[in-house]
Protein chains: 2
Amino acid sequence: MTEHGTGRRGQHRRAAPTMKHVAALAGVSVMTVSRALATPDRVSPEALEKVRRAVLQTGYVPDRNAGALSSQRSHIVALTLPTLANGNFADLAEGISDILLPAGYQPLIGHSGHSLEKEEELVRIMLARRPDAFVLVGTTHSRETSRLLHASGITVIETWEYTDNPVDLCVGFSNRRAGELAAEHLAGLGHRQLAAIGGSLDDTLKDYRGEQRLRGFRDAARRLGLPDPVILREAVVPIRHGQGAGTMARLLDDHPGASAVFAISDTMAFGAMMECQRRGIAVPRQLSILGFGDFDIAGQCLPGLSTISVDPVAMGRMIGDRILERMAGSAPRSEETAPRIVLRHSTSAPPGA
Amino acid sequence: MTEHGTGRRGQHRRAAPTMKHVAALAGVSVMTVSRALATPDRVSPEALEKVRRAVLQTGYVPDRNAGALSSQRSHIVALTLPTLANGNFADLAEGISDILLPAGYQPLIGHSGHSLEKEEELVRIMLARRPDAFVLVGTTHSRETSRLLHASGITVIETWEYTDNPVDLCVGFSNRRAGELAAEHLAGLGHRQLAAIGGSLDDTLKDYRGEQRLRGFRDAARRLGLPDPVILREAVVPIRHGQGAGTMARLLDDHPGASAVFAISDTMAFGAMMECQRRGIAVPRQLSILGFGDFDIAGQCLPGLSTISVDPVAMGRMIGDRILERMAGSAPRSEETAPRIVLRHSTSAPPGA
DNA sequence: CTGTTAGCGCGTTCAA
DNA sequence: TTGAACGCGCTAACAG
């Protein structure tokens, strides 16, 4: 018998109190402490009280990672977003957290910067924490990402886009449909020459969902018998307001014929509106602008921005609920949510009408 | 000998592959796999290759929680923010992530909704994951929060405010100083009757940092010999644009004398600008407006919003660096960063000047 | 209701 | 360079 284990750890900080410390202080076994914390009703009132006191005295906080190792349930839910600096995704994350945290699950948030390679790296890093469920924005992933997720055998929820062939579960909306909605709204107002501004088609950084919206927009315009919309893809994700202004400037310079513009996001739409204001173009009298996302700013700018809302907080809560159902053993179904138009004052009939 | 341990876990999903599986497949011991992944140079090229293949074939991802339990280093860094739906905090989080992730640390993000009680709960939940470091926005915490952090014995970094008495380390700026800067700028332009709009003093939901900015603003005005600024605290955190408009409306109705307004955040400032536009008040000719935060929108709206920047991404990176230094065994110092004015076009000399 | 035993997946330590 | 033993902190399973 060599004596391992005594003082074998090198220099390191004072350790946090463990269950053993609490048990010793309370004069009960470690198991009783464990039960007192997890299933208080299976412990005698006296033992419970002793444990409670010892916990308070030591400032003990259970080590859930150790618990996870033992119980094979980490109570971690991984969440990969394209970026945090986007109100919609932040709202989505808060919606998910609002449901999961009170239920004892810990969201683990990461951001991929709209890159599939970074997403794959992130998935690998997060899988190393053995989450009980994995939430991904988007349905486009690298082969290896899909394989890793599949091999992990955990619940996977894809969101922010709807697909009939999810890795596992899907809670999202059709971005094509959102684009169609945009075209239908503008056509309904009487516009014929439409335009759209969106993100670049850069090889590695791509807004796949935004691209779907643009396609839906174009296809709906065709279906409605309108000329093909002018589509400018110049913004680099993550999109900031300035990109909207720049792309709008290009549109006004090179394709002055359009009377209505669909912007891939409110962020771009606002920048576009400012560019119009700078040039003395009245919105919506001379030019209609329609956004996407119903960001906070859409309701505050002048004129109020007409936009398409997908209610990220509600979607997040729905995702949280689905995860809890799955954890409880039931088999929730995928769900397609419906984007809807929010009418404000940036769209109206075209000038000649 | 009763036979425990065989199939003792109840119904649960297909388990992820473990190091044992990889070792068996590679025909080496578990330890060799461990070393092949952690210290490849201490493993023979042949063994390394066998392991590498087995890893690829199984889609194995190491369990870092188990690793953490063994090594006593979780490589997790906890981060509590007031909210994700605030560009500054999102940027801060991304800045921290940008440094930590490549170094092998996993940020764990939570949001407290500006509530000290929720923060305490969050700290407890996050401590249960045994982070190697803890980052908190703000220097105001509940007694229990401070106690828990102290008892945990880990590195703690407070940010977004500077204090000489941090729990452990502090990387932040003086919010008072930011407020003073605002008053000095406006006074320098010739304004005498100043005003400020900020968050409510609700009992539980408080923007402590914003309040410090307001106090710095007031004190600097006094020091400069100006009449006391009118300060309206009506917005409820988290502040959205609409609150700026409402508070501005109240200011214009009840205190029409002020020629310059400092808004506690760009979000409020923008709402305030829109309210002015709605009323036909020209900014900055009739009224100057100064924001805080240098949010994306400040550079895009018209007129461009003069504001105070604290560079959250840089601060985040600084925090990440400090954490890595501490992990490497050195003793980094606290750092006070300096807020700075970003001049655009929403402030100018007062009407009569 | 309580305690004992065993083991979750890994890294540390020591021995070969 | 490799492997075996051991234990990190906790919970499942069982015995009392």
Side-chain angles (χ1 to χ4, degrees), chain A residues 1-12 15-24 26-51 58 60-75 127-130 152, chain B residues 1-12 15-24 26-51 58 60-75 127-130 152:
Chain A
M1 301 293 142
T2 51
E3 45 111 24
H4 301 280
T6 307
R8 56 189 248 276
R9 310 297 172 192
Q11 42 49 277
H12 70 259
T18 74
M19 214 172 229
K20 203 148 78 176
H21 298 137
V22 175
V28 298
S29 75
V30 171
M31 223 19 247
T32 299
V33 176
S34 175
R35 276 192 280 253
L37 268 39
T39 52
D41 39 314
R42 292 187 177 188
V43 168
S44 69
E46 308 84 61
L48 195 61
E49 180 56 21
K50 285 189 288 185
V51 170
T58 53
Y60 171 69
V61 176
D63 183 333
R64 299 207 73 178
N65 288 335
L69 188 60
S70 178
S71 69
Q72 299 291 74
R73 297 190 121 239
S74 66
H75 288 261
L127 279 178
R129 300 295 168 177
R130 296 295 185 267
S152 74
Chain B
M1 301 290 145
T2 52
E3 46 110 25
H4 300 281
T6 308
R8 56 189 250 276
R9 309 294 172 189
Q11 41 50 274
H12 68 258
T18 73
M19 217 174 226
K20 203 148 78 176
H21 299 137
V22 176
V28 298
S29 76
V30 172
M31 250 340 282
T32 301
V33 176
S34 176
R35 276 192 280 254
L37 295 167
T39 52
D41 40 313
R42 292 187 177 189
V43 169
S44 68
E46 308 84 62
L48 196 61
E49 181 55 22
K50 286 190 287 186
V51 170
T58 53
Y60 170 71
V61 176
D63 183 333
R64 299 207 74 176
N65 288 335
L69 189 58
S70 178
S71 69
Q72 299 291 77
R73 299 190 121 238
S74 66
H75 289 261
L127 279 178
R129 300 294 169 178
R130 295 294 186 269
S152 74

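Note that the coordinates shown come from a computational prediction; the quantities given were computed from them, not determined experimentally. Sequence lines set the chain letters: A, B, ... in the order given, protein chains first and strands last, and positions in each chain run from 1.
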Seminar exercise, completed: Whole-Å distance, B:K20 NZ to C:dC10 P, equals 10 Å

For this session: Quick one: closest heavy-atom pair of A:L37 and A:Y60, and the distance?
Result: CD2-CE2, 3.7 Å

Seminar exercise, completed: Rounded to whole Å, CE of A:M19 lies from C1' of C:dT4 at a distance of 16 Å

Exercise. Whole Å only: how far is the CD atom of A:E46 from the C1' atom of C:dT2?
Worked result: 12 Å

For this session: Check every strand shown and say whether B:A47 touches a base, only sugar-phosphate, or nothing at a heavy-atom separation below 4.0 Å.
Result: sugar-phosphate

Problem set entry | Atom-to-atom span, CG of A:N65 to P of C:dG9 - whole angstrom | 14 Å

Problem set entry | Gap between atoms CG and C1', on A:D63 and D:dC8 respectively (whole Å) | 9 Å

Exercise. Roughly how many Å is it from CZ in B:R129 to P in D:dG9, rounded to a whole number?
Worked result: 16 Å

Problem set entry | Smallest separation among heavy atoms of B:V33 and B:V22, with atom names | CG1-CG1, 4.0 Å

For this session: Look at the side chain of A:N65 and the backbone N and O of B:R129, then say whether any donor-acceptor pair between them is shorter than 3.5 Å.
Result: yes

For this session: With the side chain of A:Q72 defined as its heavy atoms from C-beta on, choose the nearest nucleotide among D:dT2, D:dT11, C:dG9.
Result: C:dG9

Seminar exercise, completed: Assert: residue with more 5' nearest nucleotide on DNA chain C, out of A:P45 and B:V61, is A:P45

For this session: Determine the contact category for A:A68: base if any of its heavy atoms lies under 4.0 Å from a base atom, sugar-phosphate if only primed atoms, P, OP1 or OP2 are that close, otherwise nothing.
Result: nothing

Exercise. Roughly how many Å is it from CZ in A:R42 to C1' in D:dT11, rounded to a whole number?
Worked result: 12 Å

For this session: Go through the structure and list residues passing side chain to side chain contact (heavy atoms under 4.5 Å, CB included) with A:A47, not counting sequence neighbours.
Result: A:T32, A:V43, A:S44

Exercise. Given atom CZ of A:R35 and atom P of D:dG9, what is their separation to the nearest angstrom?
Worked result: 20 Å

Problem set entry | Residues in contact with DNA chain C, drawn from residues 26-34 of chain A - heavy-atom cutoff 4.0 Å | A:S29, A:M31, A:T32

Seminar exercise, completed: In this structure, OG of B:S34 is separated from CZ of B:R42 (nearest 0.5 Å) by 11.5 Å

Problem set entry | Interatomic spacing from CZ in A:R130 to CD in A:Q72 - rounded to 0.5 Å | 9.5 Å

For this session: Please evaluate the base of D:dT11 for a donor-acceptor partner in the side chain of A:S70 within a cut-off of under 3.5 Å?
Result: yes

Problem set entry | Selection from C:dG9, D:dT11, D:dC10 that lies nearest to any side-chain heavy atom of B:T18 | C:dG9

Exercise. For D:dC10, does either OP1 or OP2 sit under 4.0 Å from a side-chain N or O belonging to A:Y60?
Worked result: yes

Problem set entry | Set of ring-ring contact (aromatic ring centres under 6.0 Å, His included) partners for B:H75, sequence neighbours left out | B:Y105

For this session: Compute the bend angle of the helix from C:dC1-D:dG16 to C:dA16-D:dT1 from the end axes (five pairs per end), rounded to 10°.
Result: 30°

Exercise. Closer than 4.0 Å, any side-chain N/O of A:S71 to the OP1 or OP2 of D:dA12?
Worked result: no

Problem set entry | Contacts of type side chain to side chain contact (heavy atoms under 4.5 Å, CB included), residue A:A26, not counting sequence neighbours | A:V28, A:K50, A:V51, A:A54

Seminar exercise, completed: By side chain to side chain contact (heavy atoms under 4.5 Å, CB included), B:V30 pairs with (sequence neighbours left out) B:M19, B:K20, B:A23

Problem set entry | Least distance between heavy atoms, B:A68 atom then B:S74 atom | CB-CA, 3.5 Å

